[in-house]
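Each remark here refers to the structure printed beneath this line.
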Protein chains: 2
Amino acid sequence: MARGRTAATPPTSPLDEREMSAWHALIHAHARIVRQLEAELEAEHALTLPAYEVLAHLSEAPDRRLRMSDLASYAVLTPSGLTRLVDKLAREGLVERARCASDARVVYAVLTAAGAARLKTAYPTHLRGVRAHLVDRLQPDQLEAIAAALGPLASYCPSSL
Amino acid sequence: MARGRTAATPPTSPLDEREMSAWHALIHAHARIVRQLEAELEAEHALTLPAYEVLAHLSEAPDRRLRMSDLASYAVLTPSGLTRLVDKLAREGLVERARCASDARVVYAVLTAAGAARLKTAYPTHLRGVRAHLVDRLQPDQLEAIAAALGPLASYCPSSL
DNA sequence: GGGGAATAGTTGCGCAAGCAATCATCTTCA
DNA sequence: TGAAGATGATTGCTTGCGCAACTATTCCCC
């Protein structure tokens, strides 16, 4: 816990102005962007953001299928959260479950034709939202900086780690 | 809606590599950081992150009190969410409600002594978390870049807008 | 090869929190 | 002044989702 430090400093020094504002900016910007995006997605296509992301990731996966646990990390959900989300999407016919031949423990979520179609219609909304609320409001170098700074903190860890 | 664009471009052009990775980095990093932070806060002090933020904002407010609606925007909650959170904190004796003399519609949330004490013990945990999961993993200029880029997108809008 | 640990996924449970509707109060302006 | 609209806060309802516990399968290795 205690890494080398001199006697007089407190356990950890308080956040300075820059640190505080970065932290708050991250929290607030995220909340605002995600909320708007989700509201639009929900209003126009009856999809939550995680649901959209599940469909999107499946559509880009080989064979349009992914293991549940990989999908969970992609979609920023816990395994249990993903199970229920896939339940729901399956009820709507947008994905299907498929067992894995070589390992009976794993389950694949597979994008159905209906799911692909739904994704296709929702895509413009999502794209427009990401642009309107994030991308188009930043300079290219700012986008780069965010990706470079936050990317390593995200560490997808799909199946690995 | 449609700002000037030439005929051949699609409604909105798809996200390029840089844009995609910034967007994903934001989503994933946020999720990861907030989850860890919240887990620690909850385990050590039985406080959710929004609850901590409410206490923290109150402690810095003049007279240790804030209007419900202002507090809601600070804490990144909807009014209804804040009402219930304050309900809960009040039940635990960490905050109190106070009516406003000049406007009977507004309610102040006021930090109690117990709330201040709880905040004081939770502060190190929060601080350590923000450092460990965000601040200490970035270069100073990266923090600056995040604050500069995301700050405007957050737009606190405390009571004003 | 069989027993214990690890891994994949699912469920029971509970809670946090958003939306829409409602109530109370204040403002405005005819 | 009094009726319509704004504003602040709360509640009913619903849902998404995380944790912890559980089952099923596979891996490891003695």
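Order of the sequence lines sets the chain letters (A, B, ...), proteins ahead of strands, with each chain counted from 1.
- For the side chain to side chain contact (heavy atoms under 4.5 Å, CB included) test, residues two or more places apart in sequence or in another chain that qualify with Arg99(B) are Val107(B).
- Between the C1' atom of dC26(C) and the CZ atom of Arg67(B) lies a distance of 12 Å, rounded to the nearest Å.
- Sorted by first and then second residue, the salt bridge (Lys or Arg N to Asp or Glu O under 4.0 Å) pairs with a member in residues 19-28 of chain A read Glu19(A)-Arg131(B); sequence neighbours excluded.
- Residue pairs meeting the salt bridge (Lys or Arg N to Asp or Glu O under 4.0 Å) criterion with at least one member in residues 109-120 of chain B, sequence neighbours excluded, are Glu92(B)-Arg118(B).
- The distance from atom CG of Leu89(A) to atom C1' of dT15(D) is 14 Å, rounded to the nearest whole Å.
- In this structure, the ring pair (Phe, Tyr, Trp, His ring centres under 6.0 Å) partners of His30(A), at least two apart in sequence or on a different chain, are His30(B).
- The distance between atom OH of Tyr108(B) and atom C1' of dG8(D), rounded to the nearest whole Å, is 12 Å.
- Sorted by first then second residue, the side chain to side chain donor-acceptor pair (under 3.5 Å) pairs that include residues 141-150 of chain A, not counting sequence neighbours, are Glu144(A)-Arg18(B).
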Inset, instruction - Could you run through nucleotides 16-27 of chain D and give me one letter per nucleotide, 5' to 3': B if any protein heavy atom sits under 4.0 Å from the base, S if only the sugar-phosphate is that close, - if neither? - result: SSBB-----BS-
